[in-house]
Amino acid sequence: MKRLFLLLGCVLLLAGCAGVPPQVKAPPDIFNDSLFVAPLQRPDVSTLFTLTPAMKRYLAERIAPSARRKGPQMALIDALYTQGELRLEYDARSTRTAAEAFDARMGNCLSLVIMTAAFAQEMGLIVRYQDVLGVPAIERDGEFTFVVGHVNLALSAGLSAARPGLAEQSWLIVDFLPGQDLGRQRTLPLAQQRIAAMFMNNRAAEALVQGRVDEAYWWLRGAAAQDPGFANTYNALGVVYRHRGALAQAERALLAARAMDPDNEHVANNLAGVRLALGRPADAGVLVAGVDQPAVSRASRFDAARQALDAGQAQQALILLTGELALTPRHAELHHWLAVAYARLGDARNARLHLELAADYSGVGEQHALYAGKLERLKVQLQRRDDRTITQ
């Protein structure tokens with residue numbers, strides 16, 4: 001089956017600078033509402049950054065009292081994350097609003113950026129959203145491949161909090177992925193409208209994976225209204241149209257995405273797949289020939305590794321998976337299959353290590369429980385083996 005690429009904001013972003021007006025605009029009739037069932041209420045982001053009464057109480061009772069002593073930025077970060085009073089957990093399964101992340105005490109990195117920004121704005125801090133440039137992570141779910149970029153934010157109290165005559169206070173960068181070298185990061189600023197469009201794009205992708213094609217379409221309609229120049233929206237729209245069987249509309253949407261982001265190999269692959277389905281293999285071949293082949297081969301390399309495991313070729317699978325690890329080091333499923341390969345090769349130590357990483361990177365929920373359960377069973381097996389060694 002042709003693999004479909006969805007481009008997501010961290011996580012569950014491949015975006016340009018949002019401060020520049022888009023050079024290319026999508027055709028005005030790119031959306032075809034007649035192909036999809038209209039919802040009772042269209043998705044919107046009017047409350048994306050809204051604080052609930054409970055959040056305002058937390059701000060007044062837990063954050064504000066220490067702001068004068070620590071400074072507002074550090075008081076906010078300590079209260080939300082460092083002190084761990086909220087006990088926030090990373091959860092890659094769904095993208096939440098600020099209020100939803102606060103209530104659930106968990107969220108993916110885009111959700112945590114949104115929640116932190118909501119508190120910061122209520123405190124009068126200046127918020128700067130940042131697209132962190134670099135190699136995106138690749139995650140997979142069935143026929144879908146998710147290209148997951150990374151966003152963080154920087155906070156400043158501005159001139160008002162500084163003593164007269166001093167320059168603006170320095171920015172405090174807040175990043176939710178461990179092991180980040182903040183001093184070496186290359187970033188581009190993102191407007192809040194781009195963050196809102198990312199949120200809606202992520203919600204669309206999550207709906208599509210669960211088979212809710214109509215819902216995915218309306219989320220993307222909202223994303224385009226927030227930021228008409230966001231190429232990822234039209235890439236996802238092309239995938240949605242293809243699932244609806246509207247191949248001509250899928251091609252138009254993907255052409256719009258490609259015009260906005262001409263070097264994006266994942267958009268090119270989606271477009272090539274649509275043209276193959278339209279019976280135009282020559283056009284598809286031109287697209288694939290013009291993109292970065294190593295990047296295109298990531299998905300096939302991962303699939304080839306799993307096929308090698310099925311064929312009993314664990315060493316070959318390990319070579320393929322290790323090559324993928326350099327590109328997607330935080331991919332929970334990849335660590336799971338590395339654990340399987342090591343286990344079949346008799347390397348219990350590395351099998352255990354990668355199962356631990358799979359559990360860590362899966363966040364919380366069913367997937368985390370699955371990997372944690374496998375890890376516990378492996379520990380029991382290893383303990384039994386050690387016990388037998390002692391008694392022999």
**Message:** I need the minimum non-hydrogen distance between Leu153 and Val127, along with the two atoms involved.
**Reply:** CD1-CG1, 3.9 Å
**Prompt:** Arg96 and Met106: side chain to side chain contact (heavy atoms under 4.5 Å, CB included), yes or no, with the steps?
**Reply:** CA-CA 9 Å; Arg96 296 177 168 90; Met106 64 179 65; 3.7 Å; yes
**Side-chain heavy atoms of Tyr217 within contact of Leu35, under 4.5 Å** = no
Name each donor-acceptor pair under 3.5 Å that joins a side chain in residues 42-54 to protein atoms two or more places apart or in another chain, with its distance.
from  : atom 1 : to    : atom 2 : distance (Å)
Asp44 : OD1    : Ser46 : N      : 2.8
Asp44 : OD1    : Ser46 : OG     : 2.6
Thr52 : OG1    : Met55 : N      : 3.3

**Request:** Compare all side-chain heavy atoms of Val151 with those of Leu110 and state whether any distance is below 4.5 angstrom.
**Result:** yes
**Prompt:** Considering only heavy atoms from C-beta outward, does the side chain of Glu251 approach that of Leu271 to under 4.5 Å?
**Reply:** yes
**Complete:** Residues Ala250 and Gly238: closest non-hydrogen pair is CB-O, 3.3 Å
**Prompt:** Does Thr322 use its side chain to pair, donor to acceptor, with the backbone of Ile319 at less than 3.5 Å?
**Reply:** no
**Asked** Short question: side chain of Arg344, backbone of Leu309 - any donor-acceptor pair under 3.5 Å?
**Response** yes
**Message:** Less than 3.5 Å apart, any donor N or O on the side chain of Asp227 or Gln193 sitting next to an acceptor on the other?
**Reply:** no
**Pair Thr233, Asn201: side-chain N/O donor-acceptor within cut-off below 3.5 Å** = no
**Complete:** Taken in chain and number order and not counting sequence neighbours, the residues that satisfy ring-ring contact (aromatic ring centres under 6.0 Å, His included) with Tyr241 are Phe36
**Request:** Please lay out, stage by stage, how Leu355 and His335 fare under the test side chain to side chain contact (heavy atoms under 4.5 Å, CB included).
**Result:** CA-CA 6 Å; Leu355 272 180; His335 285 287; over 6 Å; no
**Request:** Output the distance between atom CG (Asp175) and atom CD (Gln130), rounded to the nearest 0.5 Å.
**Result:** 9.0 Å
**Message:** Looking at Asp261 and Ala257, would you say the former's side chain and the latter's main chain have a donor-acceptor pair under 3.5 Å?
**Reply:** no
**Prompt:** Side-chain contact, heavy-atom cut-off 4.5 Å: Asn202 with Trp219?
**Reply:** no
**Asked** If we ignore angles and hydrogens, is there a donor and acceptor under 3.5 Å between the side chains of His150 and Asp131?
**Response** no
**Message:** Would you compute the distance between atom CE of Met260 and atom CG of Asn235 and round it to the nearest 0.5 angstrom?
**Reply:** 11.5 Å
**Asked** Among all residues two or more places apart in sequence or in another chain, which pass the ring-ring contact (aromatic ring centres under 6.0 Å, His included) test with Tyr342?
**Response** His354
**Prompt:** Stepwise, does the side chain to side chain contact (heavy atoms under 4.5 Å, CB included) test hold for Leu190 with Arg128?
**Reply:** CA-CA 7 Å; Leu190 297 171; Arg128 184 176 70 200; over 6 Å; no
**Fill in**
side-chain contact (heavy atoms from CB on, under 4.5 Å) test vs Leu338 passes for just one of Leu321, Leu357, Leu353, namely Leu321
**Separation between CZ of Arg258 and CG of Asp263, rounded to the nearest 0.5 Å** = 8.5 Å
Side-chain donor-acceptor pairs of residues 112-122 under 3.5 Å, sequence neighbours excluded:
from   : atom 1 : to     : atom 2 : distance (Å)
Thr116 : OG1    : Tyr81  : OH     : 2.6
Thr116 : OG1    : Leu112 : O      : 2.7
Gln121 : NE2    : Tyr129 : OH     : 3.3
Gln121 : NE2    : Gln192 : OE1    : 2.7

**Donor on one side chain, acceptor on other, Thr95 and Glu206, under 3.5 Å** = yes
**Request:** Give the minimum heavy-atom separation between Ala351 and Ala339, together with the two atoms involved.
**Result:** O-CB, 3.4 Å
**Message:** Quick one about Asp347 and Asn350 (side-chain donor to acceptor, distance below 3.5 Å, no hydrogens or angles considered), yes or no?
**Reply:** yes
**Message:** side chain to side chain contact (heavy atoms under 4.5 Å, CB included) for Ile126 and Leu155? Distances and angles first, verdict last.
**Reply:** CA-CA 6 Å; Ile126 301 172; Leu155 306 176; over 6 Å; no
**Prompt:** Which atom pair, heavy atoms only, marks the closest approach of Gln73 to Ala157?
**Reply:** NE2-N, 3.4 Å
**Complete:** Here the gap from Ile195 atom CD1 to Phe230 atom CZ, rounded to the nearest 0.5 Å, amounts to 9.0 Å
**Message:** Rounded at 0.5 Å granularity, tell me how far NZ in Lys56 sits from CD1 in Ile63.
**Reply:** 13.5 Å
**Message:** My understanding is that only residues two or more places apart in sequence, or in another chain, count here; which of them pass side chain to side chain donor-acceptor pair (under 3.5 Å) with Tyr234?
**Reply:** none
**Request:** Could you list the residues that satisfy side chain to side chain donor-acceptor pair (under 3.5 Å) with Arg212, not counting sequence neighbours?
**Result:** Gln210, Glu215
**Fill in**
d(Met200 CE, Asn232 CG) to nearest 0.5 Å is 14.5 Å
**Message:** Can a donor-acceptor pair be found, under 3.5 Å and without considering hydrogens, that links the side chain of Arg105 to the backbone of Phe102?
**Reply:** yes
**Prompt:** Of the non-hydrogen atoms in Ala26 and Ala256, which two are nearest, and what is the gap between them?
**Reply:** CB-CB, 4.3 Å
**Item:** Where Val213 and Leu208 come nearest, the two heavy atoms and their spacing
**Value:** CG2-CD1, 4.0 Å
